[in-house]
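What follows is a short report on a single structure.
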Amino acid sequence: MTELTLVQAINRGLQQAMHDDADVVMLGEDIGLNGGVFRATDGLQKEFGAERVIDTPLSETGIVGTAVGMALYGLKPVPEIQFQDFIYPAFDQIVSEVAKFRYRSGGQYPCHLVIRSPYGGGVKGGLYHSQSAEAYFAHTAGLKVVIPSTPADAKGLLLSSIYDEDPVLFFEPKRIYRAVSGEVPDGDHRVPLGVAKVVREGTDLSLFAYGAMVHPALQAAETLASDGPSVEVVDLRTLSPLDEKAVLASVEKTGRAVIVHEAPRFCGYGAELAALFAEKALFSLKAPVARVTGYDTPFPYALEHLYLPNAARIVAAVRTTMAAG
Amino acid sequence: MSAGTVPLPYDRAAIGAALGGDWEETLLAAHHWMTLARELDSRMLGLQRQGRIGFYGPATGQEAVSVAAGLASRAEDWVVPGLREQLVALVRGHSLTRYMHHLFANDRDPARGRQMPCHPSAREVKYVSMSSVVGTQITHAVGLAYGLKLHKESGVALAFFGDGATSGNDFHAGLNFAAVLSLPVLFCLTNNQWAISLPVERQTHVKELAQKAAAYGIASRRVDGTDFVACYSSFTQGLEAIRTAPGPLLCEFTLFRMTPHSSSDDPSRYQAPSWMPQALAHDPVLRLEELLTRHGLLSESAQRSMKEEAARLVKEAIAEAEAVGPPAPDSLLTDVRASGPRPEGPGPEVP
């Protein structure tokens, strides 16, 4: 075990994979000599060489398209998109190609790669360094979407993603790259994909969150613990495929659900959870499902503190839900 | 041969110089494949009109390029196709029957009937699955070439795309990445002068598309894509040059689209009547037949029996494929992902 920040844990996960498997290669902008703008790939080019840690020209569609070819060949490419806000030029590659290769070729051409990208607000990044675009990808069949919330999960989910057989979108909560640290197992530590985690047990209400939002959700549960309801917090960890069994078990136990994410509310990931609860857990619900999310606006700069969900907004939503039934 | 065919300008010595010692064998093999391809296009368009297959994208007029690529490439090379390169897969060894199962989208289609016809997957001959999105495959060839280079293999990735694709993002990204990373990619630009209804003069303001390669520091050449001899020698020379000194090259093959864009297209809405006579004069099959006849390599009876043989092969493949039923309903839900819960679907009681 070593005490690491989340971004250090990602770095160690990448280092482990590159050390263990010569077919793991990384490509992206500023990831080599510069070690990535967040230093997630710091030192890796020096250790593994410029042939395996590739500084590419500035083109997201070029990065992902090239990674697709590497995957078809049989390498295990881990492309980095510097900010998730810049992933859209590669959207065609991800949705039209990455997601569909296995299906359209009858399994002849699996396309396994791990696209890493920092996402989310709270770093004064404005419209174009703050977005949470996970719903676009969770909507597309053929992809897996993974978002860690702790250093140990960051390393373990990343290594599982690299050794998975499916394409994975691995979104990293940059707001807590350095703000969160914790004990991380050494070596080839794996955390299975598709498994949610109850990070705090409770009996009256379930909070569902992922990535950076797990932390204000936990704060809210803590705040309420002294005199309020007993709140369970479920960290989804993998958005697609969703651990349906775990989230339904939690909501069936508590009878109340509040969903938290940074992304806008309309057609956000929370809408899928709310629909799932309506379809499969309606008769367990004692109160309407609530969502605490970003607003249906572009991501702001000066007023991002008003835009982002925080513990106070979550506490308020919990109280409203408890009052409703 | 049609009276208007523009003859290929080669005497025996010139052909030998271009194709090497076994040139007669190469030309006859090319003629066999081109005859088969022409028969296939003609029959399958007919079947589409009869409603027996759902769609067809003919490659009539582009046979010389595809056959040359198929014959000149080696087993270790990868083929990343555009819209009209299915013949490359056949020449490299993908069986006509398997391809026919795909055209009928039946239960024995290797891709389980999931794609429109003319989108085959043939991994056994390193022929990559294609989407219908124009140009996205160009960067895939770059990544395959990266794998070949990293593993110190001598293979080359052949990236096929048409004139329309040169206006897209992936053309730019693909050429730029391949050049910056010095990768073994042969960019094969099949310029048939039309992107559905848009003529190439409206696609670009440069006089020759091959000029675009210079902007990426890539050497290029322009080749008459209806001249099998020129196509074949361009592929052998280009592939050899890349194997010797890894780095990309671009060949622009100038062609004439001799059919509608696809079975869903009506060129009378946008093509001048003068187009077809010009295209027919450059029919790559007729040009090769004229060359073979002139040099005494193809008698009338040999030509007739080759056509009959092609008709028989296609007919037998059609009969075999048409007898197979549609994909099992279960295949709707498989191959989405390798692991994870199975998607919900209609279930076995579906009508």
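Convention: sequence-line order gives letters A, B, ...; per-chain numbering from 1. In this text, all values refer to a predicted model and were calculated from it rather than measured experimentally.
- In this structure, Y136(A) places its OH atom where only 12 or fewer heavy-atom neighbours from other residues, nucleotides or ligands lie under 6.0 Å away.
- Aromatic ring centroids of H140(B) and F101(A) lie under 6.0 Å apart.
- For E51(A), the CD atom sits in a loose shell: 12 or fewer heavy atoms of surrounding residues, nucleotides or ligands are nearer than 6.0 Å.
- For the options P343(B), A173(B), A157(B), S339(B), heavy-atom pairs under 4.5 Å to chain A are most numerous at S339(B).
- In terms of heavy atoms, Q93(A) sits closest to T136(B) at NE2-O, 3.0 Å.
- In this structure, chain A has a heavy atom under 4.5 Å from the side chain of V180(B), while its backbone stays farther away.
- No donor-acceptor pair closer than 3.5 Å links the side chain of D335(B) to the backbone N or O of S105(A).
- With a 4.5 angstrom heavy-atom cutoff, L332(B) touches chain A via backbone and side-chain atoms both.
- When the shell of 6.0 Å around CG of L33(A) is examined, it contains 12 or fewer heavy atoms from other residues, nucleotides or ligands.
- Using a 4.5 Å cut-off between heavy atoms, L181(B) touches chain A through its side chain atoms alone.
- Atom OG1 in T61(A) sits 10.5 Å away from atom NE2 in H172(B) (nearest 0.5 Å).
- Neither the backbone nor the side chain of V80(B) comes within contact range of chain A; no heavy atoms are under 4.5 Å apart.
- Residue E252(A) places its CD atom among more than 12 non-hydrogen atoms of other residues, nucleotides or ligands, all under 6.0 Å distant.
- The closest donor-acceptor contact from the side chain of R104(A) to the backbone of A111(B) lies at 3.5 Å or more, if one exists at all.
- With a 6.0 Å radius and a threshold of 12 heavy atoms from other residues, nucleotides or ligands, K197(A) has its NZ atom at or below the threshold.
- Interface remark: S132(B) contributes no atoms to any contact with chain A (heavy atom separation under 4.5 Å).
- Inter-residue side-chain proximity for P241(A) and R337(B) is flagged as met; some heavy-atom pair is nearer than 4.5 Å.
- Inspection of the K100(A) and S129(B) side chains reveals no N or O donor paired with an N or O acceptor under 3.5 Å.
- For the pair L75(A) and H151(B), the tightest heavy-atom approach, listed with the atom from each and the gap, is CD2-NE2, 3.7 Å.
- Between T66(A) and F177(B), the shortest heavy-atom distance links the atoms OG1-CD2, 3.4 Å.
- For S240(A), the parts lying near chain B are the backbone and the side chain together; criterion is any non-hydrogen pair under 4.5 Å.
- Taking the six-membered ring for Trp and thresholds of 30 and 60 degrees, W78(B) and Y73(A) have ring planes inclined between 30 and 60 degrees apart.
- Your options are A71(A), P110(A), G107(A), and the one with the most heavy-atom pairs under 4.5 Å with chain B is G107(A).
- Across E124(B), K149(B), M130(B), the residue that shares the most heavy-atom pairs under 4.5 angstrom with chain A is M130(B).
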> After noting the C-alpha distance and the side-chain angles of Q108(A) and S121(B), does the key distance pass the side-chain hydrogen bond (donor to acceptor under 3.5 Å, both in side chains) rule?
Replying inline: CA-CA 7 Å; Q108(A) 286 184 47; S121(B) 294; 4.8 Å; no
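- Highest contact tally toward chain B, considering only A67(A), P57(A), P167(A), G194(A), is held by P57(A) [criterion: heavy-atom pairs under 4.5 Å].
- At distances below 3.5 Å, at least one donor-acceptor pair connects side-chain atoms of R114(B) with backbone N or O atoms of Y103(A).
- Both the backbone and the side chain of A141(A) come within contact range of chain B, judged by heavy atoms closer than 4.5 Å.
- Of the atoms belonging to L27(A), not a single heavy atom falls under 4.5 Å from chain B.
- With chain B as partner, the option from L242(A), I54(A), T238(A), V64(A) having the largest number of non-hydrogen pairs under 4.5 angstrom is I54(A).
- Of the listed residues (P341(B), G340(B), S131(B)), the one with the most heavy-atom contacts under 4.5 Å to chain A is S131(B).
- Note: D170(B) CG to E97(A) CD = 8.5 Å, rounded to the nearest 0.5 Å.
- Remark: M70(A) CE to T139(B) OG1 distance equals 11.0 Å, nearest 0.5 Å.
- For L72(A), the parts lying near chain B are the backbone and the side chain together; criterion is any non-hydrogen pair under 4.5 Å.
- At a 4.5 Å heavy-atom cutoff, A90(A) makes no contact with chain B through either its backbone or its side chain.
- No other option in R102(A), E165(A), R52(A) has as many heavy-atom pairs under 4.5 Å with chain B as R102(A).
- Neither the backbone nor the side chain of F171(B) comes within less than 4.5 Å of any heavy atom of chain A.
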